[in-house]
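The next block holds one structure in the form of structure tokens; read it before the comments.
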Amino acid sequence: MFHLQEKQIQTVVRECVRVRYNVEVDIAIEQPKQSSFGELALPVAFQLAKSLKQAPKKIAADLVAAIGTIPGVSGLEVAGNGYINVRLDRSTYGYSLLHPEPETTAGDTGKTIVEHTNINPNKAAHIGHLRNAVLGDTFVRMLRALGHRVEVQNYIDNTGVQVADVVVGFHYLERQTPAQVAQLLQSDDPDARPFDYICWDLYARTSQYYKDNPEALKWRAETLHSIEAGHGELAEMAHLVADAIVNAHLATMLRLNIQYDVLPRESEILHLQFWAAAFALLKERKAIYFENEGKNSGCWVMPSSAFRGEGDANEDSKVIVRSNGTVTYVGKDIAYQLWKFGLLGKDFHYKPLIRYTDGHEVWVSIAEPQPRPAPEFGKAARVYNVIDTRQSYLQDVVVAGLRALGFEDQAQRSVHFSYEMVALSPRCCADLGIELSVEDARRPYVEVSGRKGLGVKADDLMDKLVESALHEVASRHPEDNPAAQRAVAVEIAMGALRYFLLKFTRNTVIAFDFQEALSFEGETGPYVQYAAVRAGRILKKLEERGETLPDFRAELSPEAIGRQLENEDCWQVLLAASKAGAALERAVTAGEPAHVARYAFQLAQEFSNFYQRFKVLDEPDRGRRTFLLWMTEFFALQLQRTLAILGIAVPAYM
RNA sequence: GCGCCCGUAGCUCAGUUGGAUAGAGCGGCUGGCUUCGAACCAGUAGGUCGGGUGUUCGAAUCACUCCGGGCGCACCA
């Protein structure tokens, strides 16, 4: 495929430069501005111009003469003021696509852990959480497509302040017993408000209550204490709430086809003394010290020099253990990060939590040994933490912790896979009936706030998308049965949502807008799905006409392929489709799922154009028709592959 | 105050890590359905890449600076 051809050309040119000029240089390969310039462009002459003190144009000309011929390349030409443009031999290239060599899989480089989602289990998920999960899940799919071994973790903070606040709401504000809350969970009433929605409201109410009655904060302290001690009504309620919300989140994410391998929970980090082990290590290696003076007196702190860059005037150390002896979030996160690399000398116990319909099981951490043996979790070679950019500072501290402990390698392989937040556009707030302060109304966007209950719930958005898609499907295919219509609508809706969240690069703030998110036209998931569906339709229609797919390998000779590929439009579609692997590699290197999404869109565009131009099934020339059918099949395969990486389904029809 | 991110067409965004005449989608205007179904295609208008200085063969991209916007900088998570 394309990247193999690229590599071959790089090798030949690098060798030629080495022999001729005695210089080692990385050969950059670009896409020419215009397709008429050829398929690849080498700016190598520019790179060499300075050291050789020669005009780029001359170097390029000399190189072209020196290189001679490269397998699979029909011509090299000097263009502009020193580009070397490469034209591929279309016949050879096309033929190699029809007879692909088996992919060589890279050797096992160890396990990669990707941690994502990580929603506080105290309320329904919102669109910000969706961005996290979709980015994380897509990155996982990208890595797996390249043959990496990946473990997906979703960290559950089931003992934190946020859960405590909902418990406070149930216990003190609503006067509910654990039994009553449990009953709420078992309600069979389909019209009942979902539990995670109830908690969403209650959390906002409790937060407001604190604001109006600051003395109520003692309830929170009391609840946290009870949770930590592990017994009493409040602790019972906390587990009830957290477990139920975790289930709700898993269900929400499953709608988007997002699955996990293991859910490490904060409760086990506490009970299994993970922190104690990490604390001992940090003290022993002098990564933290006991502060005797100043505002942090009585705390164990990490010196600012460990995680601040030079030139950062902020001298504040980071508190790891509070003066009352309790550990901060960062401390626990250091312990967790150590465990991920197998550096803690401790492990969780595990039990299976749920089994997805495809048979895959999610495991959850638990304090006591279990009868059923679990797969091996943790002990990774690389770790990606998918967390929004607002937590960069804390992530830096965690990595600094590893480094201070002497785990330099692991520190380098701890990647904060950061992304910008999803905010609400002013118009979106208006749609939701949210009143903004004069100050907020002037802003380009407004931050989502769980505390204020300000946000778009993930399930609401998905429901809206499904309804909208269903409306379209029903109007286009009124004859089909409702269940099938809905199944297609769901696939379209989820495709639209995933694409919408992926098309922005990671450090772009998404100002969420219903009109854009609900669009099924233009650069959207459904557009891409539509192209895949149309390709499939052609092949299916062929069968309906009583024909079978030709044996392409038997019928298409290199000469025949070369002849057909003289057509520029055909060549461009085939070329674009053959770049799926190259696009994926580039996207993984850049750590940018958006690149895969954009590639899928470009490919779909190429095909839509092709579809309009060539009536494949009506093509009278037999040889040409066979060729067009092959192109259709090849395109369909590559797009399916790419959509699978994006987690987007190809519907049966549209 | 310090640190990080952003500023590209009316709007929302890309821009392969410094390369050729800066690209998409939406919106605007023109055309195209006799079912491989138009959730589509073709065409068109629209740009001082926030401003300035510099680095070099070459800058939207790098450096410095100014302007404008966002987010961090807790004994909260």
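First the proteins, then the strands, lettered A, B, ... as listed; each starts at 1. Heavy-atom basis, side chains included; hydrogens, waters and symmetry copies ignored.
In this entry the distance linking CG of Leu270(A) with C1' of A77(B) reads 13 Å, nearest Å. Atoms CD (Glu521(A)) and C1' (A39(B)) sit 6 Å apart, rounded to a whole Å. Spacing between atom OH of Tyr611(A) and atom C1' of C33(B) amounts to 11 Å, rounded to whole angstrom units. Rounded to a whole Å, the CG atom of Asp388(A) is 9 Å from the P atom of G72(B). Remark: P of C71(B) and CG of Leu394(A) are 17 Å apart, rounded to the nearest angstrom. Across the protein-nucleic acid pair, Arg545(A) atom CZ and U35(B) atom P stand 12 Å apart, rounded to whole Å. C71(B) atom C1' lies 16 Å from atom CD of Gln395(A), rounded to whole Å. For Asp513(A) and G27(B), the CG to C1' distance is 13 Å, given to the nearest whole Å.
In this structure, Asp26(A) places its CG atom where only 12 or fewer heavy-atom neighbours from other residues, nucleotides or ligands lie under 6.0 Å away. Within a 6.0 Å sphere centred on CD of Glu30(A), heavy atoms belonging to other residues, nucleotides or ligands number more than 12. Counting non-hydrogen atoms of neighbouring residues, nucleotides and ligands closer than 6.0 angstrom, the CZ atom of Arg622(A) reaches no more than 12 such neighbours.
At least one cation-pi condition fails for Lys318(A) and Phe307(A): the charged atom is not both under 6.0 angstrom from the six-membered ring centre and inside a 45 degree cone around its axis.
When both pairing distances are held under 3.5 Å, G46(B) makes no Watson-Crick or G-U pair with any nucleotide shown. Base-pair partner of C2(B): G72(B) (Watson-Crick or G-U wobble, both distances under 3.5 Å). A 3.5 Å limit on both hydrogen-bonding distances identifies C11(B) as the Watson-Crick or G-U partner of G25(B). Look at C64(B): its Watson-Crick or wobble partner, with both distances under 3.5 angstrom, is G52(B). The base-pairing partner of A38(B), taking Watson-Crick or G-U wobble contacts with both distances under 3.5 Å, does not exist among the strands shown.
Aromatic stacking is not marked for Tyr393(A) over C73(B), as the cut-offs of 5.5 Å for the centres and 30° for the planes do not both hold.
Note on ring orientation: taking the six-membered ring where Trp is involved, the planes of Phe610(A) and Phe614(A) are tilted (angle from 30° to 60°).
Comparing A39(B), U12(B), C36(B) against the side chain of Phe520(A) picks out A39(B) as the nearest. Nearest nucleotide to the Arg390(A) side chain, out of C71(B), G32(B), C57(B): C71(B). Of the candidate nucleotides A39(B), A77(B), G37(B), A39(B) has the atom lying nearest to any side-chain atom of Ile492(A). Listed nucleotides: A39(B), A77(B), C57(B). Nearest to the side chain of Glu472(A): A39(B). Of all nucleotides listed (U21(B), C75(B), C40(B)), U21(B) comes nearest to the side chain of Gln34(A).
Residue Arg534(A) has no polar side-chain atom (N or O) positioned under 4.0 Å from OP1 or OP2 of A39(B). The side chain of Gln605(A) contributes an N or O atom lying less than 4.0 Å from OP1 or OP2 of G25(B). Using a 4.0 Å cut-off, some side-chain N or O of Tyr530(A) falls inside it from OP1 or OP2 of A39(B). Between G37(B) and Arg476(A), no contact under 4.0 Å exists linking OP1 or OP2 to a side-chain N or O. For the OP1/OP2 pair of C41(B) and a distance below 4.0 Å, the side-chain nitrogens and oxygens of Tyr527(A) include at least one atom meeting the criterion. Distances shorter than 4.0 Å separate some side-chain N or O of Arg443(A) from OP1 or OP2 on G70(B).
Comment: Arg486(A) engages Glu467(A) in a salt bridge, judged by a side-chain N to carboxylate O separation of less than 4.0 angstrom. Salt bridge status for Asp431(A) with Arg427(A): absent, with no side-chain N to carboxylate O gap under 4.0 Å. Taking the charged nitrogens against the carboxylate oxygens, Arg598(A) and Glu523(A) do have a contact shorter than 4.0 Å, which makes a salt bridge.
Using atom P as the reference point in both C40(B) and G27(B), the two lie 10 Å apart (nearest Å). Across the C1' atoms, C57(B) and G32(B) are found 47 Å apart, a figure rounded to whole Å. Here the separation of A14(B) from G25(B), taken at their P atoms, is 16 Å to the nearest Å.
Here Val163(A) lies out of heavy-atom contact (under 4.0 Å) with every strand. Residue contacts for Pro56(A): at a heavy-atom cut-off of 4.0 Å it reaches no nucleic acid atom on any strand shown. Looking at heavy-atom distances under 4.0 Å, Gln529(A) makes no contact with the nucleic acid at all. When heavy atoms are screened at a 4.0 angstrom cut-off, Ile320(A) is found touching no nucleic acid atom at all. Using a 4.0 Å heavy-atom distance criterion, Phe37(A) is classed as a base contact. Contact annotation for Lys295(A): base contact, defined as any heavy-atom pair under 4.0 Å involving a base atom. At a threshold of 4.0 angstrom between heavy atoms, the contacts of Asp165(A) with the nucleic acid are absent. Nucleic acid contact for Ala423(A): none, since no nucleic acid atom lies under 4.0 Å from a heavy atom of the residue. Within the 4.0 angstrom heavy-atom criterion, base atoms lie near Ser297(A). The residue Ser608(A) sits close only to the backbone: its heavy atoms come under 4.0 Å of sugar-phosphate atoms, none of a base. Counting non-hydrogen atoms under 4.0 angstrom, Phe614(A) reaches a base of the nucleic acid.
Glu606(A) places none of its side-chain heavy atoms less than 4.5 Å from the side chain of Gln602(A).
Considering all non-hydrogen atoms of both residues, Asn122(A) and Gln162(A) come closest at ND2-O, 3.0 Å. Minimum interatomic distance between His477(A) and Met654(A) (heavy atoms only, all atoms of both residues): NE2-O, 2.7 Å.
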Dump every N/O contact between nucleotides 13-17 of chain B and the protein below 3.5 Å, one line per pair.
{"unit_1": "C13(B)", "atom_1": "OP1", "unit_2": "Val509(A)", "atom_2": "O", "d": "3.3"}
{"unit_1": "A14(B)", "atom_1": "OP1", "unit_2": "Thr505(A)", "atom_2": "N", "d": "2.9"}
{"unit_1": "A14(B)", "atom_1": "OP1", "unit_2": "Thr505(A)", "atom_2": "OG1", "d": "2.2"}
{"unit_1": "A14(B)", "atom_1": "OP1", "unit_2": "Thr508(A)", "atom_2": "OG1", "d": "2.4"}
{"unit_1": "A14(B)", "atom_1": "O2'", "unit_2": "Arg598(A)", "atom_2": "NE", "d": "3.2"}

Which pairs, protein N/O on one side and nucleotides 43-51 of chain B N/O on the other, fall under 3.5 Å?
none

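In the model, Tyr527(A) has no side-chain atom that pairs as donor or acceptor with a side-chain atom of Gln605(A) under 3.5 Å. Under 3.5 Å, the side chains of Tyr289(A) and Glu291(A) contain a donor-acceptor pair of N or O atoms.
A donor N or O paired with an acceptor N or O is found under 3.5 Å between the base of A20(B) and the side-chain atoms of Asn85(A).
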Is there a salt bridge (charged side-chain N to carboxylate O under 4.0 Å, His left out) between Glu547(A) and Arg625(A) once you walk through the steps? CA-CA 13 Å; Glu547(A) 296 180 59; Arg625(A) 185 164 181 266; 3.0 Å; yes
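Place Gly80(A) and Glu447(A) on RNA chain B by their nearest nucleotides, and Gly80(A) ends up nearer the 5' end. Between Phe601(A) and Lys318(A), the one whose closest nucleotide on RNA chain B sits nearer the 5' end is Phe601(A).
Nucleotide U17(B) carries a syn base; the chi torsion (O4'-C1'-N9-C4 or O4'-C1'-N1-C2) is within 90° of 0.
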